[in-house]
Amino acid sequence: MADEAETEKATLAAEDGGNPPELSKSARKKLQKQERQAERKAARKAAEKERRRADVERRRREWEDALAAAPSDEARAEMVAARRETRRERVGQRAEERGARADRLRRAAEGAGQKVVLDLEFADLMRPNEIHSLTQQIMYCYAVNGRSANPAHLWLTGCSGEMATHLQRIPGYDKWIIEKAAKPYIEAFEDRKENLVYLTADAETVLDDLDMSKIYIIGGLVDRNRWKGITLKKSAEQGIQSAKLPIGNYLKMSSSQVLTVNQVFEIMLKFVETRDWKTAFFHVIPQRKRGEAETGDDGDKGSLDDNDAAPKGAADGDHSEEDMNKGLDEEVGDDGDEELEEEEMDASNKRQCVRLENGEVGDHSSGAVAEAIPIPDGDATLQAEQAKNQTTLAGTDEQ
């Protein structure tokens, strides 16, 4: 604990531009580990960005080469028309998927979904970067809920002040099919207090099953472990039940059992789908962390929370930026790349298209130019993907 306090002071001093105090050997090692994590994260982001750019450029060149190699102006026009039709079909398919997703979310809100609350009353205990990290995790929760075959009836409570300001910055947030309440959950559900269950790693009760009549609460607190036990204390003071996920029954742990908000939520969704905790844990918790937990390899010695910086959930773990990106990529497929590609392709088409009137190539005024079809408004999932490309998702050094 002393080392953690020293490391925290050093981190704060560095953020303020001051010189960190003299640290113990173990505190220096921990600070160096955090710095290495930040460097690796920045390198991963840069590499992924470059990979996407290179992929878009490669596809653009292939398209231009294909147009240039066409045997006639008529063949080029047919290629452009075929591509335009393919893109229109893809947009239509996305519209159908959005409609189906909206229907599932509405049915969940009407009573078919497991009720889950994200408690956002801890904003005053978090720093700006921690609130940003939590905001990204909430965005991920909404994305995975939308793609789930059995989505939850998801609530955001205590959604006010700085927390609400950050959420409003998410593209499409106002169109989310989700319950939003500025008041605390204890007021929002005052007539169902006996059904409230706070999920916290510090609880003594182990959750064996999910009860559709219960309302499960996940604490939205990214605190670098400064506020240990705060969610259990809160639930006890409010006189509501508390419980923790049975992760210890399926993974060999050697330290605290804390998950990020999005991990706890996704585990719950997976359990609703499979009714199998082991499947849910192994589906959500990163494989690299599961390997450490199962084999006891060197490093974190089985800890799924190697930085003591995750929100107050119900089990042990962290989602690195790589893990978060993987999850969002599963939600939107290659749409992010396709939209980038299409922007490049539009420019390429305008350069390479055929002007049928005189057989010239590259006339921008040709009627055969492939149309630019934008992402329709209201697609929160695709908008979340766009936001992901502009901001840093919660990584191991931020949580």
Side-chain angles (χ1 to χ4, degrees), residues 90-120 135-160 163-164 167-185 187-192 195-197 199 209-218 220 261-275 280 283-284 327-333 335 374-388:
R90 185 164 62 240
V91 169
Q93 182 179 2
R94 289 175 185 167
E96 291 179 4
E97 291 172 353
R98 284 197 308 276
R101 183 166 61 243
D103 288 342
R104 292 196 302 271
L105 291 172
R106 291 190 184 98
R107 286 197 299 271
E110 291 168 358
Q114 177 70 65
K115 295 179 181 63
V116 179
V117 173
L118 304 186
D119 175 16
L120 307 183
T135 302
Q136 299 299 310
Q137 294 176 37
I138 293 170
M139 182 172 68
Y140 183 89
C141 287
Y142 183 71
V144 297
N145 199 41
R147 78 167 183 256
S148 174
N150 301 288
H153 183 187
L154 187 59
W155 287 71
L156 302 179
T157 62
C159 187
S160 60
M163 192 71 243
L167 289 170
Q168 286 292 340
R169 294 172 184 164
I170 299 176
Y173 173 72
D174 290 336
K175 299 178 182 178
W176 281 13
I177 303 175
I178 192 173
E179 304 285 356
K180 306 166 188 174
K183 57 187 176 182
Y185 61 82
E187 296 179 13
F189 299 99
E190 60 182 348
D191 58 337
R192 288 177 282 178
N195 292 332
L196 296 176
V197 180
L199 299 179
D209 197 1
L210 294 180
D211 185 341
M212 287 294 293
S213 67
K214 300 296 184 181
I215 303 166
Y216 296 98
I217 305 164
I218 303 173
V261 167
N262 50 276
Q263 281 181 315
V264 176
F265 181 68
E266 190 173 1
I267 284 172
M268 295 176 73
L269 287 180
K270 197 65 179 178
F271 179 78
V272 169
E273 175 188 340
T274 64
R275 311 310 296 183
H283 174 79
V284 176
L328 278 175
D329 287 342
E330 290 174 355
E331 166 68 11
V332 299
D335 289 345
I375 299 174
D377 293 336
D379 191 334
T381 300
L382 293 179
Q383 290 167 340
E385 172 68 8
Q386 292 172 340
K388 179 196 71 174

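This one's a predicted model, so the numbers in the text were calculated from it and none came from an experiment.
In this structure, Glu187 does not pair ionically with Arg192, as no charged nitrogen and carboxylate oxygen lie closer than 4.0 Å.
Ala181 is linked by a side-chain contact (heavy atoms from CB on, under 4.5 Å) to Thr157, Lys183, counting only residues two or more places apart in sequence or in another chain. Here Asp191 pairs with nothing under the side-chain contact (heavy atoms from CB on, under 4.5 Å) rule; sequence neighbours left out. For Arg275, the salt bridge (charged side-chain N to carboxylate O under 4.0 Å, His left out) partners two or more places apart in sequence, or in a different chain, are Asp209.
In this structure, Leu199 and Val264 have side chains that are in contact, with non-hydrogen atoms separated by less than 4.5 Å. Between Asn145 and Ile178, every side-chain heavy-atom pair lies at or beyond the 4.5 Å cut-off. Looking at His283 and Glu266, their side chains come closer than 4.5 Å, going by heavy atoms from C-beta outward. Side-chain contact between Met163 and Thr135 is present, with heavy atoms from C-beta onward closer than 4.5 Å. Side-chain atoms of Met139 and Tyr142, non-hydrogen and from C-beta on, never get closer than 4.5 Å to each other. Taking 4.5 Å as the limit, every side-chain heavy atom of Tyr216 sits out of range of all side-chain heavy atoms of Val117. Ile217 is not listed as a side-chain neighbour of Trp155, based on a closest heavy-atom distance of 4.5 Å or more. Looking only at side-chain heavy atoms (C-beta outward), Ile215 and Val197 stay at 4.5 Å or farther from each other.
The distance from the OH atom of Tyr185 to the SG atom of Cys159 is 15.5 Å, given to the nearest 0.5 Å. From Lys115, atom NZ reaches atom CG of Leu210 across 13.0 Å, with rounding to the nearest 0.5 Å. To the nearest 0.5 Å, atom CZ of residue Phe189 and atom CG of residue Asn195 are 10.0 Å apart.
The main-chain N or O of Lys270 is found under 3.5 Å from a side-chain atom of Thr274 such that the two form a donor-acceptor pair. In this structure a side-chain-to-backbone donor-acceptor pair under 3.5 Å is missing from Arg104 to Pro151.
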For this session: Begin with the C-alpha distance, continue with both residues' side-chain angles, and end with the deciding distance and a verdict on side-chain contact (heavy atoms from CB on, under 4.5 Å) for Leu156 and Glu179.
Result: CA-CA 6 Å; Leu156 302 179; Glu179 304 285 356; over 6 Å; no
Exercise. Which is it for Ile177 and Arg106 under the side-chain contact (heavy atoms from CB on, under 4.5 Å) test, yes or no, and what are the steps along the way?
Worked result: CA-CA 7 Å; Ile177 303 175; Arg106 291 190 184 98; 4.2 Å; yes
Exercise. Going through the checks in order, is the side-chain contact (heavy atoms from CB on, under 4.5 Å) test met by Trp176 and Ile138?
Worked result: CA-CA 12 Å; Trp176 281 13; Ile138 293 170; 4.1 Å; yes
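With Tyr173 as the aromatic partner, Lys180 meets the cation-pi criteria of under 6.0 angstrom to the ring centre and within 45 degrees of the ring axis.
For Asp211 and Ser213, the side-chain atoms include at least one donor-acceptor pair closer than 3.5 Å. In summary, the side chains of His153 and Gln114 do not present any donor paired with an acceptor at a separation below 3.5 Å, with no hydrogens or angles considered.
Closest approach of Gly146 and Leu105 over heavy atoms only: CA-CD2, 4.2 Å. Of all non-hydrogen atoms in Ala108 and Ala152, the two that sit nearest each other are CB-O, 3.7 Å. Of all heavy-atom pairs spanning Leu269 and Val144, the tightest one is CD1-O, 3.9 Å. Closest of all the heavy-atom pairs between Val261 and Cys141 is CG1-SG, 3.9 Å.
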